[in-house]
Amino acid sequence: MNTPVNNKLVCFGEILWDILPTGAKPGGAPMNVAYHLNKLGMVPSMITRIGLDDWGKRLLQLMQEQEISTDYFQLDANLPTGTVIATIGEHHEVSYDIVKPVAWDNIHWDDRFEALLHDARFFVYGSLATRSTASRNTLYRLLEIAPYKVLDINLRPPHYNRRVIEKLLQQADFLKLNLAELELITGWFSKFPSAADRIKLIQDRFHIPSVVVTRGSEGAMFNFNGHLYQHPGFKVEVADTVGSGDAFFAGLLSQYANGAKPDEMLMTASALGALVASYSGPCPDYQLEEINQLIRQQALSN
């Protein structure tokens, strides 16, 4: 891979503990994306908030062990560190009970954010952190000054509303969502039957040049500057799908930063998403060579 000119980026939003049947795992989409981007050679910073409790201390320690900057982690004396009770179904689908209120609902503005964003290649944000007024207003201020804005939609009922989602979409330069989220959002405006038409609708309505849609075991679709690319996905033995979409997105962004072609971006992202699904939890300790092994195996089987 070529070294990108600027490999710094900022992720905003929730950091938490996923309480899984197998135990507690660090999580939250922005943190998951930051973790995988860090493994892929990018330099992420996180804007988030944790409680003054053992859960928060453990998250700080884990991030520092991974050499991910915690300079913009805020500490909350009143609210606890975020937790999510995750339940995994018989077909590996995951349902979530997202505890509220918690520390990441209370992210405050910090004047240091301006310099941080000035030096960043990407600003990655999601929809879940907008469920609270404090974090939502901080995000809106960040979007006013952010560079290339990357939206990772994360619709978890009842933690969103249409007005806020539309506002976030209007800011985005790059959008990632899953097929169910694509169908829900475009259903507000149209009843197009095909995913390709729905992607074009969302691009045209909100002027978003790049839209990627994950489709679970069926792979992904990527409309990049008006051209549609597809990948069928990789077949792996699934442990759980927690965080696999975040890993996919990190793979896509790292390839984009390195100037890869859209089909190469999609292939690498799909391989990383599948690899993470073969492990338990959203942030497993894998080797980059495992991504290449999956790609080679699929090439040999075709």
Side-chain angles (χ1 to χ4, degrees), residues 11-14 28-30 32-33 84 93-96 98 100 122-133 135-137 139-140 142-143 146 148-231 233 241-250 252-253 256 262 265-266 269-270 273:
C11 296
F12 173 90
E14 64 273 14
N32 295 341
V33 171
V84 173
E93 73 279 10
V94 186
S95 59
Y96 301 92
I98 307 172
K100 179 183 181 181
F122 302 131
F123 176 65
V124 182
Y125 62 106
S127 54
L128 185 55
T130 63
R131 71 178 185 172
S132 68
T133 301
S135 294
R136 181 170 65 247
N137 288 340
L139 175 57
Y140 286 169
L142 287 162
L143 288 171
Y148 193 83
K149 294 182 274 285
V150 178
L151 173 56
D152 182 6
I153 285 282
N154 197 5
L155 301 184
R156 304 294 186 201
H159 304 289
Y160 69 89
N161 67 65
R162 176 174 171 175
R163 177 183 58 80
V164 172
I165 295 301
E166 289 192 41
K167 186 176 179 69
L168 298 182
L169 288 165
Q170 288 163 359
Q171 300 287 327
D173 299 301
F174 200 123
L175 170 66
K176 176 249 176 186
L177 67 174
N178 63 34
L179 188 59
E181 291 162 343
L182 175 71
E183 291 174 348
L184 189 155
I185 292 170
T186 54
W188 296 338
F189 319 114
S190 168
K191 298 300 180 186
F192 281 135
S194 80
D197 287 339
R198 288 176 182 269
I199 292 171
K200 188 173 188 310
L201 168 67
I202 214 166
Q203 281 185 301
D204 292 345
R205 187 177 186 93
F206 296 102
H207 310 291
I208 305 174
S210 300
V211 176
V212 64
V213 177
T214 57
R215 304 168 69 192
S217 62
E218 301 301 313
M221 303 174 69
F222 182 28
N223 194 309
F224 184 75
N225 294 329
H227 298 279
L228 185 66
Y229 302 84
Q230 299 190 58
H231 193 280
T241 60
V242 179
S244 58
D246 302 325
F248 169 95
F249 199 34
L252 199 73
L253 288 178
Y256 183 39
M265 293 165 57
L266 198 55
S270 298

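Since this is a predicted model, take the numbers as computed values, not measurements. Index from 1, following the sequence.
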Distance in Å, L142 CG paired with Q171 CD, rounded so as to fall on 0.5 Å steps: 11.0 Å
Listed once per pair and sorted, the salt bridge (charged side-chain N to carboxylate O under 4.0 Å, His left out) pairs that draw on residues 185-203, sequence neighbours left out: K200-D204
Check: F122 ring centroid to F174 ring centroid under 6.0 Å: no
Residues forming a ring-ring contact (aromatic ring centres under 6.0 Å, His included) with F189, sequence neighbours excluded: F206
Side chain to side chain donor-acceptor pair (under 3.5 Å) against Q203, all qualifying residues, sequence neighbours excluded: N223
Distance (rounded to the nearest 0.5 Å) between L169 CG and I202 CD1: 5.0 Å
By salt bridge (charged side-chain N to carboxylate O under 4.0 Å, His left out) - contacts of R136 (at least two apart): none
Side-chain heavy-atom pair L177, L151 within 4.5 angstrom cut-off: no
Sequence-distant partners of A196, side-chain contact (heavy atoms from CB on, under 4.5 Å), two or more places apart: S194, M221, L228
Under 3.5 Å donor-acceptor, E181 side chain and N178 backbone: yes
Under the salt bridge (charged side-chain N to carboxylate O under 4.0 Å, His left out) test, residues paired with E218 that sit two or more places apart: none
With sequence neighbours excluded, residues passing side-chain contact (heavy atoms from CB on, under 4.5 Å) with D246: A29, N32, V33, D152, K176
H159: partners by side chain to side chain donor-acceptor pair (under 3.5 Å), with sequence neighbours left out: R131
ring-ring contact (aromatic ring centres under 6.0 Å, His included) partners of F12, counting only residues at least two apart: none
Under 3.5 Å: donor-acceptor pair, side chain of S127, backbone of N154: yes
Parallel, tilted or perpendicular, as decided by the 30° and 60° cut-offs, for the rings of Y229 and F222: tilted
S210: partners by side chain to side chain donor-acceptor pair (under 3.5 Å), with sequence neighbours left out: none
Qualifying salt bridge (charged side-chain N to carboxylate O under 4.0 Å, His left out) pairs with a residue from residues 153-172, counting only residues at least two apart or across chains: R162-E166
Gap between atom CZ of F248 and atom CG of L253 - 0.5 Å precision: 9.5 Å
side-chain contact (heavy atoms from CB on, under 4.5 Å) partners for S190, two or more places apart: F192, L201
